[in-house]
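To find a chain, count down the sequence lines: A is the first, B the second, and so on, and within it residues start at 1.
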Number of protein chains: 2
Amino acid sequence: MTNSTVKPHHHGDLREALISSGIELLEEGGITALTLRKCAARAGVSHAAPAHHFEGLQGLIGAITNRGMTMFAKAMQGKIDATDGLPFPTLFAMCEGYLSFFIENQALANLMFNQKSEVMTTSTTGRSNNSAFKILVSSCAPFKHGPMGHQATEYAVWSLIQGFSHLSIMGQISCTEEQPQICFADLLSILNLQVAD
Amino acid sequence: MTNSTVKPHHHGDLREALISSGIELLEEGGITALTLRKCAARAGVSHAAPAHHFEGLQGLIGAITNRGMTMFAKAMQGKIDATDGLPFPTLFAMCEGYLSFFIENQALANLMFNQKSEVMTTSTTGRSNNSAFKILVSSCAPFKHGPMGHQATEYAVWSLIQGFSHLSIMGQISCTEEQPQICFADLLSILNLQVAD
DNA sequence: TATCAAACTTGACAGTGTAAAGATGATAAA
DNA sequence: TTTATCATCTTTACACTGTCAAGTTTGATA
């Protein structure tokens with residue numbers, strides 16, 4: 001075995017199976033349902049098996065966060081790919097994907113954004129591994145930036161969609177429960193954004 | 001004892017003491033440090049005593065959320081009271097108090113806003129008991145509202161400051177770490193707000 | 001075939017929430 | 001003052017959790 005793809009012995013690919021089980025449990029019963037022992041049981045292994053793949057529960061949560069981030073990026077990119085590529089439709093599609101991911105993966109989204117793991121941090125390595133963050137940045141790029149530069153635009157858009165998504169799934173905001181995307185469009189229009197020359 | 005102030009028998013006021021202990025534990029060791037048994041120990045009672053005052057751990061968390069909401073409202077109102085009362089300074093002060101509370105009570109703020117308890121809900125009774133929400137609404141009132149009315153303005157401001165506060169304490173946003181209020185001012189200026197005639 | 005390291009199991013332990021039943025003590029009625 | 005009552009709190013018990021240590025199995029390699 002000289003290549004980099006590690007072929008496990010017994011289970012097949014326990015590490016990935018445990019992550020999948022974890023996400024399932026998360027969506028079925030929320031954060032309190034996510035336990036190492038239940039993940040192990042669902043993957044058909046003993047309760048101590050996960051210890052050989054993750055550094056405790058926190059390690060599994062970190063791995064789940066990583067998996068979640070690729071799902072998250074895919075959700076946003078999928079919406080963006082369905083547009084004509086113009087600045088405003090692209091920005092809105094990005095936000096649409098952001099919000100959709102939160103609604104369709106409530107517990108997972110909450111777990112991810114209440115985490116201070118590597119990919120969720122402002123660290124350079126975290127950012128370079130975070131394609132979701134890159135999508136956000138590139139969606140904001142075509143617009144005029146104020147005196148504080150592109151970062152202020154990015155943070156404004158990010159804060160707005162993050163806050164809206166979070167408050168929505170927490171039931172603290174209720175405009176149109178069926179289609180909150182429509183409601184968010186009004187909020188986005190309050191932002192003073194103009195396409196750069 | 002015909003008046004409404006209940007005088008407890010043994011402890012004095014165990015219920016409030018447990019809430020205080022809970023908030024302490026929360027700030028000292030984060031959400032994982034908040035356990036019924038530790039709260040009980042800190043209050044000097046047996047581990048099963050809390051059951052007579054709260055419906056399990058979830059009940060205690062609800063009570064902590066309520067206590068936290070009054071602290072939260074006080075933080076915002078305090079900043080507002082120090083202004084001249086004009087619309088923009090008042091709005092900014094409200095946001096300043098919002099952010100300050102998150103920074104100074106990270107674990108508590110996280111607990112509160114990851115909760116679907118009564119006060120945090122869009123229900124009428126929840127809203128009427130939530131002075132923090134009223135402060136937000138009144139801070140947004142003086143401004144011109146778009147075609148979607150005052151609610152769109154409120155949700156835009158709320159989402160922006162909630163998202164920014166949340167991402168800040170999670171270390172996912174870093175403009176000026178010492179004084180993030182200054183950074184938020186730039187974001188708030190991107191919002192297209194004008195004082196109504 | 002023998003070796004050996006990785007993958008997994010077994011057993012144990014301290015914490016946790018929660019329930020049931022008993023003890024305590026403040027209040028109110030006698 | 002004495003007694004009865006009941007909310008308050010304690011004790012005991014149980015299932016579940018994360019984590020550790022030791023043993024066992026497995027499959028690739030020599």
Side-chain angles (χ1 to χ4, degrees), chain A residues 1-26 28-65 107 111 114-117, chain B residues 1-26 28-65 107 111 114-117:
Chain A
M1 264 301 156
T2 54
N3 59 354
S4 62
T5 63
V6 181
K7 186 188 284 180
H9 299 203
H10 305 101
H11 177 280
D13 198 352
L14 182 55
R15 188 187 147 87
E16 295 304 312
L18 287 169
I19 296 173
S20 299
S21 301
I23 293 179
E24 283 177 29
L25 287 166
L26 216 45
E28 289 171 15
I31 182 67
T32 56
L34 176 65
T35 73
L36 276 176
R37 291 173 104 106
K38 276 190 237 168
C39 286
R42 188 163 292 215
V45 293
S46 77
H47 69 266
H52 297 268
H53 296 276
F54 307 104
E55 285 196 354
L57 178 61
Q58 210 53 42
L60 174 61
I61 289 177
I64 288 177
T65 298
L111 183 81
N114 281 290
Q115 200 60 21
K116 292 188 180 180
S117 72
Chain B
M1 263 303 151
T2 52
N3 60 353
S4 62
T5 64
V6 181
K7 188 187 284 182
H9 299 201
H10 304 103
H11 177 279
D13 197 353
L14 182 55
R15 188 187 148 87
E16 295 304 311
L18 288 169
I19 296 173
S20 300
S21 300
I23 293 179
E24 284 176 27
L25 287 165
L26 215 47
E28 290 171 15
I31 183 68
T32 55
L34 177 65
T35 72
L36 275 176
R37 291 172 105 108
K38 277 191 235 165
C39 285
R42 189 164 291 215
V45 293
S46 78
H47 71 266
H52 298 269
H53 297 275
F54 307 103
E55 284 195 356
L57 179 60
Q58 211 52 41
L60 174 61
I61 289 176
I64 288 177
T65 298
L111 184 81
N114 282 289
Q115 201 59 23
K116 293 187 180 179
S117 72

Notebook entry, point to check: Does the pair B:E28/B:K38 count as a salt bridge with the N-to-O cut at 4.0 Å?
Noted result: no

Side chain to side chain contact (heavy atoms under 4.5 Å, CB included) with A:I64: of A:L18, A:L34, A:L25, only one passes, and it is A:L34

| said: Please determine whether a side-chain nitrogen or oxygen atom of B:H53 lies at a distance below 4.0 Å from atom OP1 or OP2 of D:dC9. | reply: yes

Between A:H53 and A:R15, the two heavy atoms sitting closest are O-NH1, 3.4 Å

Nearest heavy-atom approach of B:S46 to B:A40 is O-CB, 3.3 Å

Note: A:H52 and A:A48 closest approach over all heavy atoms is CD2-O, 3.9 Å

note: A:D13, atom CG; D:dG27, atom P; distance rounded to Å ~ 15 Å

- Item | 4.5 Å side-chain heavy-atom contact, A:C39 and A:L60 | yes

Residue set satisfying salt bridge (Lys or Arg N to Asp or Glu O under 4.0 Å) with B:E16, at least two apart, ordered chain then number -> B:R67

Each nucleotide of nucleotides 12-22 of chain D classed B (base within 4.0 Å of a protein heavy atom), S (only sugar-phosphate) or -, in 5' to 3' order, makes BB---BBBB--

Note: contacts of residues 18-26 of chain B with DNA chain C (heavy atom, under 4.0 Å) are none

A:F54 CZ to C:dA7 P, in whole Å, measures 12 Å

When every non-hydrogen atom of A:V45 is compared with those of A:A49, the smallest separation belongs to CG2-CB, 3.7 Å

B:L60 atom CG is separated from C:dT18 atom P, nearest whole Å, by 10 Å

